[in-house]
Chemist: 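Would you mind keeping the following structure in view while I ask a few things?
Note that the structure is a prediction, hence the values are computed from the model and not measured.
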Amino acid sequence: MVILYIYSCFPGESDMIVIDRFEGDTAVCESRCGQVLIPRASLPPCAAEGDVVAPRGDGSYAVDHAATRRRQISITSRFAKLTSERREK
């Protein structure tokens with residue numbers, strides 16, 4: 001069981017890393033494996049909270065604009081559904 005848990009959290013290409021917030025020179029990010037700390041200097045200047053980032057081979061990260069947009073649409077849709085359900089009750 002422990003081996004499966006460790007394996008399920010092994011970083012892979014399909015992991016989504018999302019910037020949660022910035023604390024000084026560090027981006028505090030979330031992935032399915034937990035919290036990831038990335039030096040702000042490793043991110044492009046346009047990186048913002050809520051962006052999905054992907055590692056590059058040189059130690060830097062790139063913003064995945066398509067994944068960020070899909071995530072924003074999904075969150076907005078779920079929020080709209082939640083608030084409309086509340087109004088109906």
Side-chain angles (χ1 to χ4, degrees):
M1 192 76 159
V2 172
I3 293 172
L4 292 175
Y5 175 76
I6 291 170
Y7 180 76
S8 71
C9 280
F10 186 77
E13 290 181 13
S14 65
D15 286 344
M16 183 185 309
I17 301 170
V18 180
I19 300 173
D20 180 57
R21 64 188 181 278
F22 291 99
E23 292 182 0
D25 292 335
T26 303
V28 180
C29 305
E30 297 294 331
S31 76
R32 89 182 152 91
C33 295
Q35 197 173 75
V36 179
L37 302 177
I38 299 174
R40 195 170 196 155
S42 297
L43 296 167
C46 66
E49 294 173 353
D51 283 348
V52 176
V53 295
R56 301 169 127 183
D58 62 359
S60 67
Y61 289 77
V63 174
D64 185 336
H65 295 284
T68 298
R69 184 70 184 135
R70 284 191 305 271
R71 186 171 173 276
Q72 289 171 339
I73 290 168
S74 174
I75 290 168
T76 301
S77 173
R78 284 188 277 168
F79 183 74
K81 183 178 176 184
L82 177 67
T83 56
S84 70
E85 288 173 359
R86 283 190 146 168
R87 276 184 252 146
E88 293 172 3
K89 291 183 179 183

Chemist: Is there a donor-acceptor contact under 3.5 Å from the side chain of Thr76 to the main chain of Gln72?
Modeler: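 Yes; judged by distance alone, with no hydrogens or angles, the pair exists.
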Chemist: side-chain contact (heavy atoms from CB on, under 4.5 Å) between Ile38 and Val53: does it pass, once the steps are laid out?
Modeler: CA-CA 10 Å; Ile38 299 174; Val53 295; 4.3 Å; yes
Chemist: Using 0.5 Å steps for rounding, measure from the OG1 atom of Thr26 to the CZ atom of Arg21.
Modeler: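 Those atoms lie 10.5 Å apart.
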Chemist: Got a donor-acceptor contact below 3.5 angstrom from the Thr83 side chain to the Phe79 backbone?
Modeler: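 Present.
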Chemist: Run the side-chain contact (heavy atoms from CB on, under 4.5 Å) check on Leu37 and Val28 step by step: do they pass?
Modeler: CA-CA 5 Å; Leu37 302 177; Val28 180; 3.9 Å; yes
Chemist: Would you give the length of the straight line joining atom CG of Leu43 to atom CZ of Phe22, rounded to the nearest 0.5 angstrom?
Modeler: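 Answer rounded to 0.5 Å: 6.0 Å.
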Chemist: Taking Val36 as the starting point, is it possible to reach Met16 by hopping between hydrophobic residues whose side chains are less than 4.5 Å apart?
Modeler: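 No; Val36 is not reachable from Met16 via cluster members.
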Chemist: Using modelled atom types only, decide if a donor and an acceptor are shared between the side chain of Ser84 and the backbone of Lys81 within a distance under 3.5 Å.
Modeler: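 Checked: pair present.
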Chemist: Keeping Thr68 on the side-chain end and Val52 on the backbone end, is there a donor-acceptor pair under 3.5 Å?
Modeler: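 The answer is yes, because a donor-acceptor pair under 3.5 Å joins these two groups.
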Chemist: When you measure from the centre of the six-membered ring of Tyr61, is the NZ or CZ of Arg56 under 6.0 Å away and within 45° of the axis?
Modeler: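 No, Arg56 does not sit over the ring of Tyr61.
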Chemist: Quick one: CZ on Arg70 to CG on Asp64, what's the gap to the nearest 0.5 Å?
Modeler: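 These two atoms lie 6.0 Å from each other.
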Chemist: Could you pull out the closest heavy-atom pair between Ile17 and Cys29, with the gap in Å?
Modeler: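 Minimum heavy-atom contact is CG2-CB, 3.6 Å.
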Chemist: Flag yes if more than 12 heavy atoms outside Asp25 fall under 6.0 Å of its CG atom; otherwise flag no.
Modeler: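 Atom CG in Asp25 is not crowded, with 12 or fewer foreign heavy atoms closer than 6.0 Å.
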Chemist: As an exercise, state the distance from CG of Asp20 to CD of Glu30, rounded to the nearest 0.5 Å.
Modeler: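 Taking CG in Asp20 and CD in Glu30, the distance rounds to 5.5 Å.
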